[in-house]
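Below: one structure, written as structure tokens.
To find a chain, count down the sequence lines: A is the first, B the second, and so on, and within it residues start at 1.
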Amino acid sequence: MEKIRVRFAPSPTGYLHVGGLRTALYNFLFARRNNGKFILRIEDTDRNRYVEGAVENLISALKWSGLEFDEGPVAGGNFGPYMQSERLDIYQEHVKELIKNGSAYYCFCTPERLEKLKEEQQKQKLPQAKYDKQCLTLSKNEIETNIRNNVPFVIRLNVEPNKKIIFDDIVRGKVEFESNNIDDQVLIKSDGYPTYHLANVVDDHLMQISHVIRGEEWLSSTPKHVILYDAFKWERPTFAHLPLLLNPDRSKLSKRQGDVAVEDYRVKGFLKEALVNFVALLGWNAGDDKEFYNMNELIDSFSLERVNKSGAVFDLEKLNWLNAEHLRRKTQEEILALLKDELKNSEFSHFSFSDEYLVQIISAMKERVSFVKEFITKSPYFFDPPKFYEEAAVQKNWKDDTGSQLKILRDEFAALADPSKEGFEHALASTAEKLGIGKGKLIHPLRLSVSGMSTGPGVFDIVMILGKEETLKRIDTALEKIK
RNA sequence: GGCCCCAUCAUCUAAUGGUUAGGAUAGCGCCCUUUCACGGCGUCAAUACGAGUUCGAAUCUCGUUGGGGUCACCA
């Protein structure tokens, strides 16, 4: 069997798009599953699009997601360089071959003429604007004179008319195009840089890429690539065009309708495991009901044959759920580390808490949070006394005699020799009995006093974690503040 | 508009000629719990439409409709 080599070839736009993450992931999974190599190649042939630090961002986002590449910029490899801007001479050299065999030609047409041509074609209501191959008729002499006189030029692909371009795609099956519908694509721009079409074909061949796995937006330019492979007399790679990731309105996932950068999701507190798991399931499934996957499980069960054809809406609700699932299955130590990081960036960064204390909070809150930061936002009272008391809860649970009853409970707590969860619980029960009232009459005001809120873990867990002293202090404060 | 791709619950999807069309998320309800979650149970909800092929079609074929992608000296 041939050696499996796949690549993820983003252009350095400044961030990693979640659609790009999905493409990279499928490439990565396919490579790992088949003992192949996963290569990162940067497609930076557009000088106008250069973004400072983009490559570094891309690499760090990939790394954060757990997608380690075997060859690429920084990492190196035997097929470099992996930045297309450093391979300009390679493209120049190869395009000469195409000119020699008639598959490509110099074009000296000015942008103005091209513009006029397009206008005319539109006026004639031609189904499609195409270059008219005028420069194909230039003589060798004319071409040489133009070049000597520094007339700007591009090099175009010479598409033969009346041909059927057919290729196989793992996801789509047989795909067919008419060469008459394909424009004489520019291969080398007037600045000497290659266009994507030339560069990706030359590089994929030279880097011995076996499978081209990329988004569906490339499907309609694939015939151009196929023509190039044929013109070079190179073997074509196997193609697999992945379904698009969609906005809720089913258009291509875009910035305008929400977050699209992996970085955005990281900052929002999503776990990389959840994001990877989620994105893997957008367009692929193993054929069973399994939805929770870690990376190794994905590698074990992934196959291109089971990739869907139709686009998938990026549904935040399900990502939220998956994040909670992944969080709950983490060990206490893992969550502790994450929580400490989160605390450093929170309003409580200047306080310090012992690991034992934080671990207790984790076990009390674990089933109640979907995100690590919610340990803080949903139970701030573990980190600082309540600053205010939830108005609706005060209305509902703080009656005229509540203050005096709570005062009695407070004194019972103060006298407690055993400030354990059970100790508090027994004290409250006997106080309620003594007063001849239901336990709820004490439980709800107690919760409100120590937490300021009406929701959260069991009250006895809260007071146990807070400890006797702190609990008494908070009850006293509440007694004063709530009348 | 030309070309190409696609079409199962709101969403992600399973079912590759024979299922009461299954699961998950979200929603709703009940149970558990003097809170909130978790969990459990239940419920709502889909084969776009029309022809064919076949004993039998979500599944194969054709058409219609709808959606998307792409038509640069961007990738």
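Among the protein residues, A/Lys118 comes within range of the sugar-phosphate backbone only, with heavy atoms under 4.0 Å from sugar or phosphate atoms but none that close to a base. Nucleic acid contact class of A/Thr13 (heavy atoms, under 4.0 Å, all strands): none. Within the 4.0 angstrom heavy-atom criterion, only backbone atoms of the sugar-phosphate kind lie near A/Leu219; the bases stay farther away. Counting non-hydrogen atoms under 4.0 angstrom, A/Arg447 reaches a base of the nucleic acid. Within 4.0 Å of A/Pro445, counting heavy atoms only, lies no atom of the nucleic acid at all. A/Lys309 comes within 4.0 angstrom of the backbone, heavy atoms only, and of no base.
Under the ring pair (Phe, Tyr, Trp, His ring centres under 6.0 Å) criterion, no residue pair touches residues 441-464 of chain A, with sequence neighbours excluded.
Between A/Ser254 and A/His17 the shortest side-chain heavy-atom distance does not fall below 4.5 Å.
Close placement of the A/Phe278 and A/Phe314 rings is indicated, their centers lying within 6.0 Å of each other. Checked against the 6.0 Å centroid criterion, the rings of A/His211 and A/Phe30 qualify as a close aromatic pair. For A/His225 and A/Tyr196, the ring centers are positioned less than 6.0 Å apart. Here the two rings, on A/Tyr293 and A/Trp284, have centers that are under 6.0 Å apart.
With a 3.5 Å ceiling on both atom-pair distances, B/C36 lacks any Watson-Crick or G-U wobble partner. Of all nucleotides present, none satisfies the Watson-Crick or G-U wobble test against B/C9 with each distance under 3.5 Å. The nucleotide B/A48 finds its pairing partner in B/U64, both defining distances of the Watson-Crick or G-U wobble pair being shorter than 3.5 Å. B/C55 is paired with B/G18 under the Watson-Crick or G-U wobble criterion, all donor-acceptor distances under 3.5 Å. When both distances must be under 3.5 Å, the Watson-Crick or G-U wobble mate of B/C73 does not exist. Under the Watson-Crick and G-U wobble criteria, each requiring two contacts below 3.5 Å, nucleotide B/A26 is left unpaired.
Comparing B/A58 with B/U47, their P atoms are spaced 11 Å from each other, to the whole Å. Atom C1' of B/U8 sits at a distance of 28 Å from the matching atom of B/C3, rounded to the whole Å. B/C60 and B/U16: their C1' atoms are spaced 11 Å apart (whole Å). A distance of about 13 Å separates the C1' atoms of B/A45 and B/U25, rounded to the whole Å. Rounded to whole Å, the separation between the C1' atoms of B/C9 and B/U43 comes to 14 Å. On the C1' atoms, B/A48 is 32 Å away from B/G29, given to the nearest whole Å. For the C1' atoms, the distance linking B/C44 with B/U11 amounts to 15 Å, nearest Å. Across B/U13 and B/G56, the matching C1' atoms stand 26 Å from one another, rounded to whole Å.
For the pair A/Lys252 and B/U70, the criterion of a side-chain N or O lying under 4.0 Å from OP1 or OP2 is met. Between B/G22 and A/Lys290, no contact under 4.0 Å exists linking OP1 or OP2 to a side-chain N or O. Residue A/Thr45 has a polar side-chain atom (N or O) positioned under 4.0 Å from OP1 or OP2 of B/A75.
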Contact list (N/O, under 3.5 angstrom) for nucleotides 17-20 of chain B vs protein:
none

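A/Asn200 places a side-chain N or O within 3.5 Å of a backbone atom of A/His197 that can act as its donor or acceptor partner.
Across B/U70, B/U35, B/G39, the shortest atom-to-atom separation from the side chain of A/Glu325 is found for B/G39. Which of B/C5, B/C73, B/G69 sits closest to the side chain of A/Pro111 comes down to B/C73. Considering only the side chain of A/Glu216, B/G68 comes nearest among B/G68, B/U34, B/C73.
Using a 4.0 Å cut-off between charged side-chain N and carboxylate O, A/Arg329 and A/Glu325 make a salt bridge.
Annotation: proximity of residues 174-183 of chain A to RNA chain B (heavy atom, distance under 4.0 Å) is found for A/Val175, A/Glu176, A/Phe177, A/Asn181, numbered in ascending order. For the segment residues 450-466 of chain A, the set of residues with a heavy atom within less than 4.0 Å of an atom of RNA chain B comprises A/Ser454, A/Thr455, A/Gly456, A/Pro457, A/Gly458, in numerical order.
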| request: Any chance you could list the contact pattern along nucleotides 8-13 of chain B? Use B for base contacts, S for sugar-phosphate-only contacts and - for none, protein heavy atoms under 4.0 Å, 5' to 3'. | output: ---SBS
| task | Start with the C-alpha gap between A/Arg47 and A/Asp44, add the side-chain angles, then the distance that decides, and say whether salt bridge (charged side-chain N to carboxylate O under 4.0 Å, His left out) holds. | result | CA-CA 7 Å; A/Arg47 293 152 105 188; A/Asp44 57 346; over 6 Å; no
| task | For A/Phe371 and A/Phe270, run ring pair (Phe, Tyr, Trp, His ring centres under 6.0 Å): C-alpha distance rounded to whole Å, both residues' side-chain angles, the deciding distance at 0.1 Å, then the answer. | result | CA-CA 7 Å; A/Phe371 294 88; A/Phe270 285 95; 4.9 Å; yes
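The side-chain hydrogen bond (donor to acceptor under 3.5 Å, both in side chains) check on A/Asp184 picks up A/Tyr105, A/Lys133, with sequence neighbours excluded.
Remark: A/Arg156 is not positioned above the aromatic ring of A/Tyr106, lacking an NZ or CZ atom under 6.0 angstrom from the ring centre and at most 45 degrees off the axis.
By the 30° and 60° cut-offs, the orientation of the rings of A/Phe69 relative to A/Phe38 is perpendicular.
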